[in-house]
Chemist: 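Take this structure first; my questions come after.
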There are 2 protein chains.
Amino acid sequence: MEKLTQRERDCLVAILSVNSEFPIRLSEIANKLSVRSPTALNVIKRLSEKNLIKDKGGMIIVTKEGKKVYKEIIEAHRCFEALLTESGISLDEACKQVRKFDYLIDPNTASKVLSHIGNPKLSKHGRKVIVN
Amino acid sequence: MEKLTQRERDCLVAILSVNSEFPIRLSEIANKLSVRSPTALNVIKRLSEKNLIKDKGGMIIVTKEGKKVYKEIIEAHRCFEALLTESGISLDEACKQVRKFDYLIDPNTASKVLSHIGNPKLSKHGRKVIVN
DNA sequence: AATAAAATTAGTATAATACTAATTGTTAGA
DNA sequence: TCTAACAATTAGTATTATACTAATTTTATT
């Protein structure tokens with residue numbers, strides 16, 4: 001799998017972190033990324049070229065590969081977010097920090113570290129560990 | 001401080017990780033980064049623009065700020081490298097992985113995590129924790 | 001001084017990022 | 001159904017980081 005950029009990571013996470021059952025809109029993505037829609041569309045195109053999403057009748061569909069990559073990012077995120085909160089960093093700050101590198105962590109590495117720190121499922125604040 | 005890129009990070013680390021007392025040569029930097037000299041020179045120029053290094057009579061001098069940034073990278077590197085090796089990842093692999101994100105870690109975050117995991121000075125292999 | 005090695009300049013290219021302006025498409029209300 | 005509003009897309013431009021080759025200049029070493 002080709003490496004993602006920070007923007008591509010944020011975009012993929014934005015697409016898959018929607019609560020609603022409706023597929024996310026481009027304008028909503030643009031909003032979440034704080035860019036204009038042509039810029040968002042550009043990121044979308046790159047994610048498509050990397051086969052992480054597909055355009056299915058005007059709708060953004062995340063591919064199997066895309067879901068896999070997303071899960072790996074989430075696992076790495078959870079892992080390091082937990083580490084940071086356990087080190088005394090606030091959940092918000094931890095999330096903000098970890099976003100900058102979770103997508104760079106090798107999945108195998110994340111999984112080993114996650115075991116090492118005891119597979120945390122919840123942040124120590126009792127809040128479910130959220131990615132975005 | 002402006003954010004560094006991966007290349008700029010590698011370059012700064014290369015410059016300051018030389019054993020010899022002689023200032024590093026451009027060709028040596030190019031070699032370490034596996035790029036041609038014009039490319040290396042380009043990175044050097046960007047580091048200069050960010051006031052991390054200076055050209056002092058044809059010699060590359062690292063500024064106070066550059067040394068500070070370097071130390072922060074090293075601390076973050078040591079911190080996460082230790083975490084990874086403690087999780088059962090080989091030192092070589094840990095180093096390789098951590099290089100990809102150590103320069104993105106907030107120094108304050110690194111310092112807190114470092115305390116949390118017990119301020120490791122040595123890798124569990126008994127080798128001094130090396131950055132490059 | 002002559003040659004070899006190193007550094008630099010000039011020129012080109014690509015990928016990622018981001019914008020505006022203009023156009024096309026869609027949709028919901030009158 | 002028509003149209004106004006909103007959404008998506010295209011076209012065009014710009015910047016930054018990255019990287020190359022070829023040519024030139026500078027610096028060392030015999």
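Numbered from 1 within each chain, the chains take letters A, B, ... in sequence-line order.
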Chemist: Output yes when B/Lys96 and A/Asp106 qualify as a salt bridge under the 4.0 Å nitrogen-oxygen rule, no when they do not.
Modeler: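 So B/Lys96 does not pair with A/Asp106 through a salt bridge.
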Chemist: Less than 4.0 angstrom from a charged side-chain N to a carboxylate O is my criterion; do A/Arg9 and A/Asp102 meet it?
Modeler: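 A salt bridge is present here (some side-chain N lies under 4.0 Å from a carboxylate O).
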Chemist: Just to be sure I understand the rule, does A/Lys3 reach a base, reach only the sugar-phosphate, or reach nothing, if contact means heavy atoms closer than 4.0 Å?
Modeler: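 A/Lys3: no heavy atom of the nucleic acid under 4.0 Å.
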Chemist: Start at the 5' end of DNA chain C and walk down; is the nucleotide closest to A/Pro38 or to A/Thr5 reached first?
Modeler: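 Closest to the 5' end, via its nearest nucleotide, is A/Thr5.
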Chemist: I need the A/Glu8 CD to A/Asn42 CG distance, nearest 0.5 Å.
Modeler: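 Separation between the atoms: 9.5 Å.
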Chemist: Can you tabulate the close N/O pairs, meaning under 3.5 Å, that link protein atoms to atoms of nucleotides 5-7 of chain C?
Modeler:
{"unit_1": "C/dA7", "atom_1": "OP1", "unit_2": "B/Leu26", "atom_2": "N", "d": "3.3"}
{"unit_1": "C/dA7", "atom_1": "OP2", "unit_2": "B/Ser27", "atom_2": "N", "d": "2.8"}
{"unit_1": "C/dA7", "atom_1": "OP2", "unit_2": "B/Ser27", "atom_2": "OG", "d": "3.2"}

Chemist: Return no unless some side-chain N or O of A/Lys45 is found under 4.0 Å from OP1 or OP2 of D/dT10.
Modeler: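 Answer yes for this pair, as a side-chain N or O of A/Lys45 is under 4.0 Å from OP1 or OP2.
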Chemist: Classify the ring geometry between B/Phe101 and A/Phe101 as parallel (under 30°), tilted (30 to 60°) or perpendicular (over 60°).
Modeler: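 It falls in the parallel class, under 30°.
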Chemist: When you measure from the side chain of B/Lys50 to the backbone N and O of B/Lys3, does any donor-acceptor pair fall under 3.5 Å?
Modeler: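 Yes, B/Lys50 side chain to B/Lys3 backbone: donor-acceptor pair under 3.5 Å.
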Chemist: State whether B/Arg36 places a side-chain N or O below 4.0 Å from either non-bridging phosphate oxygen (OP1 or OP2) of D/dA22.
Modeler: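 Indeed not, no polar side-chain atom of B/Arg36 lies that close.
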Chemist: Consider the side chain of B/Val35, meaning its heavy atoms from C-beta on, and name the nucleotide among D/dT21, C/dT20, D/dA19 that approaches it most closely.
Modeler: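 Given the options D/dT21, C/dT20, D/dA19, the side chain of B/Val35 is closest to D/dA19.
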Chemist: A/Ile44 CD1 to D/dA8 P: how many Å, rounded?
Modeler: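 After rounding, the reported distance stands at 10 Å.
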Chemist: Within this structure, what is the CE-to-C1' distance between A/Met59 and D/dA8, rounded to whole angstrom?
Modeler: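 About 13 Å, once rounded to whole Å.
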Chemist: If you group Ile, Leu, Val, Met, Phe, Trp and Tyr by side-chain heavy-atom gaps below 4.5 Å, do A/Val43 and A/Val69 land in one group?
Modeler: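 No, because A/Val43 and A/Val69 fall into different hydrophobic clusters, even though each may have its own neighbours under 4.5 Å.
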Chemist: In whole angstroms, how far is the C1' atom of D/dT13 from the CG atom of A/Asn42?
Modeler: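 Interatomic distance, CG of A/Asn42 to C1' of D/dT13: 13 Å.
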Chemist: How many whole angstroms separate atom CG of A/Asp10 from atom C1' of C/dA16?
Modeler: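 Going from A/Asp10 (CG) to C/dA16 (C1'), I get 14 Å.
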Chemist: So, B/Thr109 side chain and B/Ile105 main chain: donor-acceptor pair closer than 3.5 Å or not?
Modeler: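 Between the backbone of B/Ile105 and the side chain of B/Thr109 there is no qualifying donor-acceptor contact (under 3.5 Å).
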Chemist: Send over the distance from B/Glu49 CD to D/dT15 C1', rounded to a whole Å.
Modeler: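 Those two atoms, CD and C1', are 13 Å apart.
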Chemist: Whole Å only: how far is the CG atom of A/Asp55 from the C1' atom of D/dT9?
Modeler: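 From A/Asp55 CG to D/dT9 C1': 11 Å.
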